[in-house]
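By convention in this document, chain letters (A, B, ...) are assigned in the order of the sequence lines, proteins followed by strands, and residues within each chain are numbered from 1.
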Amino acid sequence: MSNTYPMEDLVSLCKRRGFIFPASELYGGINGFWDYGPLGTELKNNLRDAWWHDMVHCPPIGPDGDPLSIVGIDSSIIQNPKVWEASGHVGGFNDPMVDCRETKSRYRADHLFVIGNASGEGQLYAFVEDDEESYERASKLLAKYEKVDALDESYVTTSLIQLQPDDFARVVGPDTKEAGTLTEPRQFSLMFDTTVGATGGDDNKAYLRPETAQGIFLNFMNVVDTSRVKVPFGIAQVGKAFRNEVTPRNFIFRSREFEQMEIEWFCHEEDAPKWYEFWCDVRKEWWQSLGLTTGNLQMRQHDSDELAHYAKEGCGTFDIEYQFPFTAPGFGELEGVAHRGNYDLSRHGEFSGKKVNYFDQEKNERFVPHVIEPSAGLSRGTLALLSEAYTPDDRPSKVFMKFNPRIAPIKAAVFPLVNKNGMPEVAKNLYDDLRTKHVVQYDVKQSIGKRYARMDEAGTPFCFVIDGDTLDDNTITVRDRDTASQERINIDQAAAYLDEKLST
RNA sequence: GCGGGUGUAGCUCAAUUGGUAGAGCGUCAGCCUUCCAAGCUGAAUGUCGAGGGUUCGAACCCCUUCACCCGCUCCA
């Protein structure tokens, strides 16, 4: 079923029921940050734990019939700043950029020059460095504007970045006719700065990691040396990452602080396409196993022009995309499976001057492994689960959350049908028993209908009810969240019933 | 970053268009209740997003700012 309800309805429910709140709401919020409430935290932790279980503790069966070998790490959010130079994050994305409001083009400020009257008056015409055509165009327009046949020494070329802020109103962009459409140069560093040490200063500048992946590459040799792993193998990590997004948008989909679940799968170059294909399949099936339906998931290969700097030399990137309510009928990225080649390990070897490679004893071969990276968004995954679960209905609550029982924040509720006649005591006993193994809730307040409704919005798959018959024959009812239908089971079977339902 | 919209109780919204805020639902308490937000009674909750201005007086008009939504842009 596609998600066609308004996003606001889901956001409203998340607030109302304690899944997700705006961060710093008391102070008016802060753009791009969100807090997880009691139910949201359970949901996110369940997703994280399911991933860790299925990828690290009990990893998929490989093409040869044996389980894969994957180990976990937990690296620091702040690393030596040189890490981000080696990874390409500092160099490639720190340039001042200039936007054209008219044509929406974006230029690197240091690539733009302007030509104009040396008197400092009149319009300035911008052109792209080393672009003959662009220069010709600017020259012609300037000549026309100045009403001269040819440009002489009274017209000079200067770098755009040397202009004063006031000058930009006089600048005509490389592909516009109006002046003043170019913005002032802006830094587009998407990495968060921070300062290490109490004294501060530029020398102590560091960054909050923009991806968890680098922590894995940094520890590649440590893991190889200490964990008895052999290529091919994987290293997994879950953790926060930070990006100064230009436009945080769409609830927790694009936030400035978010969580990733990443695997770097290290293999021999000649096996890389095989593993790439393998991981695309495995990861898509995994999301499906959590209840994301086929129609809301799609695989999309990146075009060559949108590949990340690290993926250029590999065989590409596949996005696993989900149809969120705010993207429908389009899709938004949930996970990227990238072939990173051996870019990262090579770069760290180069920049550190240390040995970063692998020796295969059987083949007597030393090489830098290639990497397949299934990089999933934990925050985005949580949003996808919420989006998928949100189910408008004609029941009194008008909506219920159809979570897969495995990731549901609350697994079951225990109610006495009425708060008397010995029922509360029996219900309480059952609750005390179940709570030692599962997240369950006990509720005696108000009518049974309201209690069902509360659990529907929390997405609790099962409600156990102690009624009059329980006192006679030890049976209770189990009410199914999705169908509202009931069945009777023996009270002694409740725990086993839950175990069975949660394991499928 | 640009353009448009919105902001009032936990949620959804109202306030006769300048006279210092209400409803429904939810929540809580009590009664009642033998299966789906039932019924009865009662209660708590808002510096009307924030700051400034105009005015005798502002939720309402003006300015600034913040947040959220939509469309562009961006998304290593």
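- Residues from residues 468-481 of chain A that place a heavy atom under 4.0 Å from any atom of RNA chain B, listed by number: A:Gly468, A:Thr477, A:Arg479.
- Counting only N and O atoms by type, the side chains of A:Gln446 and A:Arg454 include a donor and acceptor under 3.5 Å apart.
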* Asked: Tell me, for nucleotides 23-30 of chain B in 5' to 3' order, what letter each nucleotide earns: B for a base near a protein heavy atom under 4.0 Å, S for only sugar-phosphate near one, - for neither?
  -> ---SSSSS
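- Counting any heavy atom pair closer than 4.0 Å across all strands shown, A:Glu457 reaches a base atom.
- Within a 6.0 Å sphere centred on CD of A:Glu277, heavy atoms belonging to other residues, nucleotides or ligands number 12 at most.
- Nucleotides B:U47 and B:G52 have their P atoms positioned 16 Å apart, rounded to a whole Å.
- The phosphate of B:C69 has neither OP1 nor OP2 within less than 4.0 Å of any side-chain N or O from A:Asn250.
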Please list, one pair per line, the donor and acceptor atoms closer than 3.5 Å that link side chains of residues 325-338 of chain A to other protein atoms, with sequence neighbours excluded.
| unit_1 | atom_1 | unit_2 | atom_2 | d |
| --- | --- | --- | --- | --- |
| A:Thr327 | OG1 | A:Phe324 | N | 2.9 |
| A:Thr327 | OG1 | A:Phe324 | O | 3.0 |
| A:Thr327 | OG1 | A:Gly330 | O | 3.0 |
| A:Glu335 | OE1 | A:Arg283 | NE | 3.1 |
| A:Glu335 | OE1 | A:Arg283 | NH2 | 3.0 |
| A:Glu335 | OE1 | A:Trp287 | NE1 | 2.8 |
| A:Glu335 | OE2 | A:Arg283 | NE | 2.7 |

Could you pull out all donor-acceptor pairs under 3.5 Å where a side-chain atom in residues 236-243 of chain A meets a protein atom, sequence neighbours excluded?
| unit_1 | atom_1 | unit_2 | atom_2 | d |
| --- | --- | --- | --- | --- |
| A:Gln237 | OE1 | A:Ser75 | N | 2.5 |
| A:Gln237 | OE1 | A:Ser75 | OG | 3.0 |
| A:Gln237 | NE2 | A:Ser75 | OG | 3.3 |
| A:Gln237 | NE2 | A:Thr212 | O | 3.0 |
| A:Lys240 | NZ | A:Glu257 | OE2 | 2.8 |
| A:Arg243 | NE | A:Pro210 | O | 2.9 |
| A:Arg243 | NH2 | A:Pro210 | O | 3.2 |

* **Under the 3.5 Å Watson-Crick or G-U criterion, the dot-bracket string of RNA chain B, with | for inter-strand pairs** => (((((((..((((.....[..)))).(((((.......))))).....(((((..]....))))))))))))....
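- The distance between atom CZ of A:Arg249 and atom C1' of B:G4, rounded to the nearest whole Å, is 11 Å.
- When each of A:Gly29 and A:Arg380 is assigned the nucleotide of RNA chain B bearing its nearest heavy atom, the one mapping closer to the 5' terminus is A:Gly29.
- Separation of the C1' atoms belonging to B:A50 and B:G7 is 11 Å when rounded to the nearest angstrom.
- Rounded to a whole angstrom, the distance from the P atom of B:C48 to that of B:U20 is 15 Å.
- A:Asn419 comes within 4.0 angstrom of a nucleotide base, judged by non-hydrogen atoms across all strands.
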* To do: Could you please spell out the steps behind the side chain to side chain donor-acceptor pair (under 3.5 Å) verdict for A:His348 and A:Gln214?
  => CA-CA 10 Å; A:His348 286 305; A:Gln214 294 305 325; 2.7 Å; yes
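- Atom CZ in A:Arg256 sits roughly 17 Å away from atom P in B:C74 (whole-Å rounding).
- Atom C1' of B:C70 sits at a distance of 31 Å from the matching atom of B:G53, rounded to the whole Å.
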* Check the pair A:Glu262, A:Ser375 against side chain to side chain donor-acceptor pair (under 3.5 Å), reporting the backbone distance first and the verdict last. => CA-CA 4 Å; A:Glu262 296 196 297; A:Ser375 170; 2.6 Å; yes
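- In this structure, CZ on A:Phe19 lies 10.5 Å from OG1 on A:Thr41, to the nearest 0.5 angstrom.
- As a whole-Å value, the separation of A:Asp467 CG from B:U33 P is 17 Å.
- Here the side chain of A:Asn31 is nearest to one of B:U33, B:C68, B:A76, namely B:C68.
- Going from the C1' atom of B:G46 to that of B:U12 covers 16 Å, rounded to whole Å.
- Remark: the A:Ser379 side chain and the A:Glu259 side chain contain no N/O donor-acceptor pair separated by less than 3.5 Å.
- Between A:Asp456 and A:Arg479 a salt bridge is recorded (basic side-chain N to carboxylate O distance below 4.0 Å).
- Counting any heavy atom pair closer than 4.0 Å across all strands shown, A:Ser12 reaches sugar-phosphate atoms only and no base atom.
- Comparing B:G30 with B:G22, their C1' atoms are spaced 26 Å from each other, to the whole Å.
- Nucleic acid contact for A:Gly336: none, since no nucleic acid atom lies under 4.0 Å from a heavy atom of the residue.
- Comparing atom distances between the A:Ala453 side chain and each of B:A37, B:U34, B:C68 picks out B:A37 as nearest.
- Contacts of A:Lys15 with the nucleic acid, taken as non-hydrogen atoms under 4.0 Å apart, involve only primed sugar atoms and P, OP1 or OP2.
- In this structure, the nucleotide among B:G1, B:U34, B:A76 sitting nearest to the side chain of A:Pro210 is B:A76.
- Between A:Glu25 and A:Lys15 there is a salt bridge, since a side-chain N of the basic residue sits under 4.0 Å from a carboxylate O of the acidic one.
- Rounded to a whole Å, the CD1 atom of A:Ile252 is 13 Å from the P atom of B:C68.
- Counting to the nearest Å, the P atom of B:U33 and the CZ atom of A:Arg451 are 14 Å from each other.
- The nearest whole Å value for the distance from the CZ atom in A:Phe326 to the P atom in B:G71 is 10 Å.
- Within the structure, side-chain hydrogen bond (donor to acceptor under 3.5 Å, both in side chains) contacts touching residues 486-496 of chain A (residues at least two apart or in different chains) are A:Asp467-A:Arg488, A:Thr475-A:Arg488, A:Glu487-A:Tyr497.
- RNA chain B is contacted by both A:Glu333 and A:Val444; A:Val444 maps to the nucleotide lying nearer its 5′ end (nearest heavy atom per residue).
- At a cut-off of 3.5 Å, with distance as the only test, no side-chain donor of A:Asp9 or A:Ser12 sits close to an acceptor on the other residue.
- Nucleotides B:C63 and B:U17 place their P atoms 23 Å apart, quoted to the nearest Å.
- Between the side chain of A:Tyr27 and the base of B:C66 there is no donor-acceptor pair of N/O atoms closer than 3.5 Å.
- Put simply, CE on A:Met423 is 11 Å from P on B:U33, counting in whole angstrom units.
- Contact annotation: side chain of A:Ser447 to base of B:G39, donor-acceptor pair absent below 3.5 Å.
- One interatomic measurement links the two molecules: OH of A:Tyr452 to P of B:C36, which rounds to 8 Å at whole-angstrom precision.
- Straight-line distance between the P atoms of B:U41 and B:A23: roughly 15 Å, to the nearest whole Å.
- Residue A:Phe251 is in sugar-phosphate contact alone, with no base atom involved, counting any heavy-atom pair closer than 4.0 Å across all strands shown.
- Ring centers of A:Tyr207 and A:Phe192: at least 6.0 Å apart, outside the cut-off.
- A salt bridge does not link A:Lys402 with A:Glu388: every distance from a Lys NZ or Arg NE/NH1/NH2 to an Asp or Glu carboxylate oxygen is 4.0 Å or more.
- Looking at A:Glu8, its side chain has no donor and acceptor atom pair within 3.5 Å of the base of B:C69.
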